[in-house]
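In what follows, chains carry the letters A, B, and so on, assigned in the order in which the sequence lines appear, proteins first and then strands, with residues in each chain numbered from 1.
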Amino acid sequence: MTSLQKSKRVSWVSIILWVLRVTVIALVIYGSAVTLSSGKYAPSSWISLLIAGLAQGSIYALIALGYSLVYGIMLMINFAHGEVYMAGAFVSFFVADALEQSGFLQAQPLVTIFILLLSAMATSTLVALILERVAYRKLQNAPRMISLITAIGASFFLQYTFRGFFGSGFKAYPEFGAMWGRWTFGSVTVQVVQIVVAMAAILMMGGLYWFVEKTKTGKSMRAVSEDKEIASLMGIDVNRVIVITFMLGGMLAGAAGVFRGLYQPQGIGYNMGFLPGLKAFSAAVLGGIGNIPGAMLGGVFLGIFESIGPNLILQGLGIVGANQLKDAIAIVMLVLVLIFRPQGILGEKLAEEKA
Amino acid sequence: MTDSNTINTIIERKHATKTVLIGIYSGLVTLFVCLIGMVETFGARDIIGGIISMGHTMLIIIAVGSGAVAVKTLREDMSTPGATINKPAFLVEIFVGVTTGLIVGATLSIFVFATQLVDMRSVLINVSPGLLEMLTLQQPASQVMMTITVLGSLLGGIGAAIFNINPRIRLPLVLGLTSVVSLGMLRDMLKIVLSREGWPSVLLNFLVKNQGLSIAGATTIFATTVALVIIWPHLPKIYDKTVRIIVTYVPKVLQFAVSIIFTIALTMRVFWFIGISDKDLPILPSCQAADSSPNVDLAKCISILSNDVSTTSDLLGTNLATLVSTIITVSEILVGSLILLCFIFAIWNIRQNANLTDTKSTLEDPNNALLIIAKRNISAFFSVALLVSLPILLGVFPSEVLLNVGLYMLMGFGLNIVVGMAGLLDLGYVAFFAVGAYSTAILTSPRASIELGMSFWAALPIVVLVTGATGLLVGAPVLRMRGDYLAIVTLGFGEIARFLFLSDWFKPWLGGAQGIILIPPVSIGNVQLIGPHKLYYLIITGCLIALFISARLRGSRVGRAWMAMSEDEKVAETMGINTVYYKLLAFGLGAMIASISGAVFAAKLGTIFPHSFNVLVSITALSLLIVGGIGSLPGIIVGALVLVGLPELLREFTEYRLLIYGAILIFMMLSRPEGLIPRVRQTRELDDQELSQDAWLHDKNEANNGSSVTVT
Amino acid sequence: MNKLFECKNLSKDFGGLTAVNKFSFDIEEGEIVSLIGPNGAGKTTFFNLVTGLYPASSGMIMFKGEDLIGLSPYEITQLGIARTFQAVRLFPDMTILENVMVGQHCRSKSGVIGAILQPKSYKEEEERIRTNAEKQLAFFGSRLMGFRLNQPASSLSYANRRRLEIARAMSTEAKLLLLDEPAAGMNPKETIEIAHLIGKLRDERGFTILVIEHDMRVVKDVSDRVVAMDYGSKIAEGTYQQVATNEHVVEAYLGRKGNEEQDNAN
Ligand SMILES: Nc1ncnc2c1ncn2[C@@H]1O[C@H](COP(=O)(O)OP(=O)(O)O)[C@@H](O)[C@H]1O
Ligand SMILES: [Mg+2]
């Protein structure tokens with residue numbers, strides 16, 4: 001009885017979690033304080049990092065939306081979404097390459113980007129739809145673990161299919177001359193491409209938001225995400241909604257692929273989708289999975305944090321080669337969010353079976 | 001004319017569409033395997049030397065398969081209630097098969113034609129001249145289109161016809177062909193295993209002809225398989241009878257003596273095998289090298305590995321050497337001649353266990369009881385004998401494969417505790433493997449930062465404990481997460497581990513990208529376990545222990561708690577199970593087992609790099625678990641052999657390993673999530689049966705005046 | 001202090017909704033108490049509070065003189081409260097025997113080492129768990145016995161699943177059983193049998209029982225005392241006759257029914 005008395009009220013798990021929470025906050029504050037007080041970086045370089053983070057973050061946000069949309073409707077983690085993004089980037093690389101060889105790219109850069117976007121979005125949408133039809137359609141009511149394992153299988157299948165088709169070497173996007181200019185505002189210099197990517201991504205997300213909030217299809221999507229059964233009783237074709245959801249996710253991921261190619265031309269390869277996919281998923285969870293503005297916010301936040309965090313916090317803590325650990329930040333953030341606020345920043349407290 | 005009329009009337013449009021669709025899908029699959037490079041890669045390997053390659057076989061299988069699948073679907077559709085005809089006519093089936101085959105052939109020929117028009121190679125790297133050569137059989141493309149299409153139709157038709165053969169003929173036929181194809185693919189293995197003086201090399205020369213099997217060899221294999229399949233059903237009776245005779249007529253003492261002699265011979269053989277000094281071993285010929293310069297290195301290697309008296313006498317002195325070599329020869333003959341039987345015995349024992357409930361009543365008959373016990377002993381004995389003698393029989397390269405299989409199998413057993421028993425999908429399992437390998441390296445390597453230079457055995461307990469603690473550390477934050485989040489987070493942890501191993505931050509301790517070198521080999525007494533054929537014994541011991549632990553845990557209170565937790569966590573908690581504790585326990589134990597695998601891995605390579613520990617390791621371990629059926633222990637063994645062993649035997653496969661794993665994961669989840677060897681054999685189909693039994697029991701109770709009948 | 005179970009001012013909020021509202025109530029050892037109330041009254045939520053699945057918003061729960069607030073579900077089970085679920089929740093892939101054996105978890109203690117080395121004490125304990133489980137199953141006659149023991153729970157019929165769930169709760173050797181609509185979905189014959197069983201559970205096995213039930217015949221047959229609940233609060237308490245004729249209760253049922261009929265009409 002006394003042993004029970006002891007474990008009452010606060011279990012030791014909660015104590016550990018509290019210690020963890022305090023430690024993390026203390027480390028963040030301490031690291032930032034050290035870095036800031038050392039004055040190693042001028043304010044203007046922070047702003048440059050911020051803008052770079054914004055551009056990167058908006059790419060994450062576009063991918064994150066795909067996770068969030070599908071999760072909202074089907075309550076499954078589409079682990080292969082990173083590969084949907086990769087497919088778009090990959091195919092648009094070949095288009096870009098062909099256009100560059102023919103000289104069209106140099107003559108009409110804007111039209112080229114438009115063509116690239118179209119081809120990438122088409123490819124990614126196609127891949128997403130095939131995924132849905134072949135792998136996920138049958139699993140709509142399966143346990144989540146089953147659909148997750150299927151998605152993991154699909155992820156590797158797609159990666160190695162692309163590797164088999166197109167080779168394992170990394171490819172480099174052609175460079176768009178105008179994109180690599182710099183704009184200077186006072187002491188702050190930013191790259192044109194960063195602004196372009198961020199603006200375009202924000203525009204697309206706005207479009208998506210409008211679609212989901214205002215159109216009839218968008219409304220039925222929301223109805224399905226509220227309650228699949230009731231929605232289907234109301235006469236909504238759930239399968240159609242799911243297909244549209246995958247299409248939307250695919251389109252955004254394809255666009256993200258092109259933006260990635262513009263922003264970081266190097267390293268287009270079959271496994272380029274894995275880490276960004278993981279990070280975008282983290283972003284979606286950070287913003288509150290199933291929540292559209294949440295995914296956008298989460299993506300942008302993650303991008304910025306990834307760009308500033310290593311310099312600000314890790315360097316302050318005296319960690320050598322802090323930028324090598326950049327990729328780990330998203331994952332650590334995912335863990336922390338899931339422990340302390342599983343519903344994410346914007347997520348309302350969902351009913352148990354949804355969260 | 002009348003034929004086509006009947007066809008039109010019998011095949012409804014729905015079925016026609018389905019047939020065409022199956023044809024198109026098969027055509028796409030054909031294109032897929034061409035574009036992904038499989039056909040060309042496999043084309044380099046002949047099944048029957050100079051006649052047919054593996055690549056061609058693959059295409060043939062797809063075409064025949066398309067016909068077969070189409071006919072099967074048609075039959076299923078037609079036998080649904082409401083349809084007037086239950087079995088389509090023979091001609092209709094052939095027609096269906098030919099149609100799908102035709103579509104496959106046409107797809108391929110259009111592809112060939114298209115390659116003549118546009119250069120695809122700059123994008124699709126596998127559309128190479130080599131591939132086209134294979135597809136066109138070195139004919140000009142324009143002429144060959146017709147041939148391909150006709151060939152396709154023909155094969156589709158054959159696929160359809162297979163269904164109309166009497167099953168008693170079909171089974172041996174299909175299995176015979178399968179074994180020809182399998183042995184053809186494993187030709188390198190045959191070479192390695194049979195390259196020794198005496199009958200093996202004669203057999204080898206008979207079976208194998210430069211690039212593949214000889215025609216005579218293929219025919220023999222086919223005939224042998226057919227014969228085996230035909231006598232297979234009678235074997236258990238013969239076996240039973242033999243065992244019965246032994247049990248009743250051969251005196252106990254003699255039985256005992258034979259097994260003792262056998263055991264001693266085998267043990268000495270193994271000790272001698274492990275004890276050969278390492279400098280006597282030539283550089284291991286890789287599979288490919290054996291191809292180009294046949295039998296030179298190999299022969300030397302084999303002569304040393306097998307019974308070579310002069311080498312032995314260096315080690316042991318002449319008299320003893322003669323004795324030892326005699327024993328070895330005897331044991332070798334015993335082992336060699338009984339190997340096939342071992343295999344059969346092992347399989348039968350599994351079957352027997354499955355039927356044990358039936359045999360329970362017969363157990364009361366003392367004679368039967370003796371028989372069953374004798375059978376069990378025999379198969380246990382031979383299973384152990386087989387396991388122990390495998391590296392001796394197979395040689396160095398196959399032992400390397402077995403060692404890798406063993407490493408993954410051990411990981412599989414560990415992961416099974418976490419995923420299969422406790423139901424926690426851990427995708428970052430590689431992290432524990434890595435921690436095991438790294439901590440072994442740090443503790444044993446004289447070059448490591450702390451320069452402890454411990455021996456493997458001294459380090460092992462520390463390694464296991466450290467990794468177990470890491471397991472708890474990873475487990476603690478994810479305790480309250482729901483299944484799918486837990487999976488992604490553990491995946492993330494696995495990646496973080498790799499980043500940390502790679503990072504400059506930890507470079508002073510973990511060596512960054514260069515890793516840690518000069519990890520000493522494992523030694524037992526004065527013998528160093530260098531080379532896969534020796535480490536094999538280490539890993540197999542590990543696997544057996546892990547198997548034992550898993551089997552014991554599964555039926556225990558702990559296992560039940562895990563199973564309950566994995567099925568319904570909330571309910572498990574209200575049934576009095578402390579889920580926090582059991583989750584941590586699973587993570588800790590799983591990590592410990594992985595660490596042993598990691599430790600052996602480190603000792604095997606002598607050097608470890610962070611790149612060896614990527615997510616693909618976790619995925620491989622997960623896949624082998626799923627192929628075997630989550631939670632099934634024999635499934636893990638089969639899964640490891642198939643998923644890790646096969647690709648290593650067939651080097652062509654390595655390229656496509658993860659592609660195939662991915663496809664397998666999807667396929668398994670869609671078709672049979674419980675795996676090939678499911679944990680619970682009974683399925684939910686029992687439901688209806690149950691209801692009727694219920695009613696029956698109820699009536700019976702009524703008849704007994706409602707008094708409750710207890711069956712014990 | 002001789003009450004077996006006691007709760008005072010127990011409340012549970014879900015966001016805006018108060019599912020259980022200042023609920024006070026007690027049970028004496030050896031009683032069979034029925035908890036009734038229209039759908040959504042908060043009965044199941046009350047069970048979830050007692051078994052620790054939901055944390056209470058306020059109030060206290062005492063069992064055998066122990067405060068249950070803040071304890072984990074498994075600790076509460078260990079103290080001697082076991083339950084069944086409104087929507088039957090078994091371990092579907094475990095066998096029937098294993099399902100019941102799990103119930104003995106909190107009354108046994110062998111761990112990993114014991115399982116691997118299997119000393120004598122381990123074997124004895126396993127044997128004890130097994131006999132106990134078979135004993136619980138035998139309570140339901142031959143339905144769950146014999147060849148069924150080793151079949152997965154998912155192969156059972158609906159009524160048998162309910163029985164198995166009760167057997168599982170029994171095997172925790174609890175003092176107090178909480179049964180959530182044990183007769184739901186059963187045919188009249190089976191319902192009568194369940195009512196009979198509930199009585200037997202107390203008389204032969206010595207359980208104290210709190211049962212949620214909609215079927216008034218069952219309530220009438222089994223209960224020593226009936227508690228009625230609506231909108232999370234207690235609206236009546238007493239013998240079956242007292243409660244059944246209580247105007248609040250009648251209103252709660254009829255009023256609710258009237259609304260439902262209106263809904264249906266719409
Ligand atoms: N997990 C939950 N989250 C939010 N509301 C809940 C939850 N569980 C129950 N409720 C609400 O509490 C009220 C009482 O439900 P319940 O206890 O199940 O009623 P009943 O008396 O029929 O068993 C209902 O209105 C229900 O919607
Ligand atoms: Mg209820």
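A donor-acceptor pair under 3.5 Å is absent between the side-chain atoms of R560(B) and the main chain of V102(C), judged by distance alone. Not a single donor-acceptor pair under 3.5 Å links the side chain of Q78(C) to the backbone N or O of G576(B).
Residue contact with chain B, scored on non-hydrogen atoms closer than 4.5 Å, involves the side chain of I129(C) exclusively. In this structure, the portions of Q118(C) lying under 4.5 Å from any heavy atom of chain B include both its backbone and its side chain. Heavy atoms of Y582(B) lying under 4.5 Å from chain C belong exclusively to its side chain. If you measure heavy-atom distances from E98(C) to chain B, the contacts under 4.5 Å come from both the backbone and the side chain. Using a 4.5 Å cut-off between heavy atoms, I76(C) makes no contact with chain B at all.
S110(C) and R557(B) share no side-chain donor-acceptor pair at under 3.5 Å.
Side-chain contact between S556(B) and Y122(C): present, with at least one pair of heavy atoms (C-beta onward) separated by less than 4.5 Å. Proximity of H105(C) to M575(B): side-chain heavy atoms (C-beta onward) are nowhere separated by under 4.5 Å. Side-chain contact between V571(B) and R168(C) is present, with at least one heavy-atom pair separated by less than 4.5 Å.
Interatomic distance, CZ of R89(C) versus CG of D568(B), reported as 4.0 Å (0.5 Å rounding).
Among T51(C), L53(C), I116(C), N99(C), the residue making the largest number of heavy-atom pairs under 4.5 Å with chain B is I116(C). With respect to chain B, the highest number of heavy-atom pairs below 4.5 Å among M101(C), E125(C), R83(C) belongs to M101(C). For the options T574(B), N578(B), I577(B), V558(B), heavy-atom pairs under 4.5 Å to chain C are most numerous at N578(B).
Counting heavy-atom neighbours within 6.0 Å of L465(B) CG, excluding the residue itself, gives a total above 12. In this structure, R107(C) places its CZ atom where more than 12 heavy-atom neighbours from other residues, nucleotides or ligands lie under 6.0 Å away. Within a 6.0 Å sphere centred on CZ of R128(C), other residues, nucleotides and ligands contribute more than 12 heavy atoms.
Inspection of non-hydrogen atoms places F548(B), I549(B), R552(B), L553(B) of residues 542-553 of chain B under 4.5 Å from chain C.
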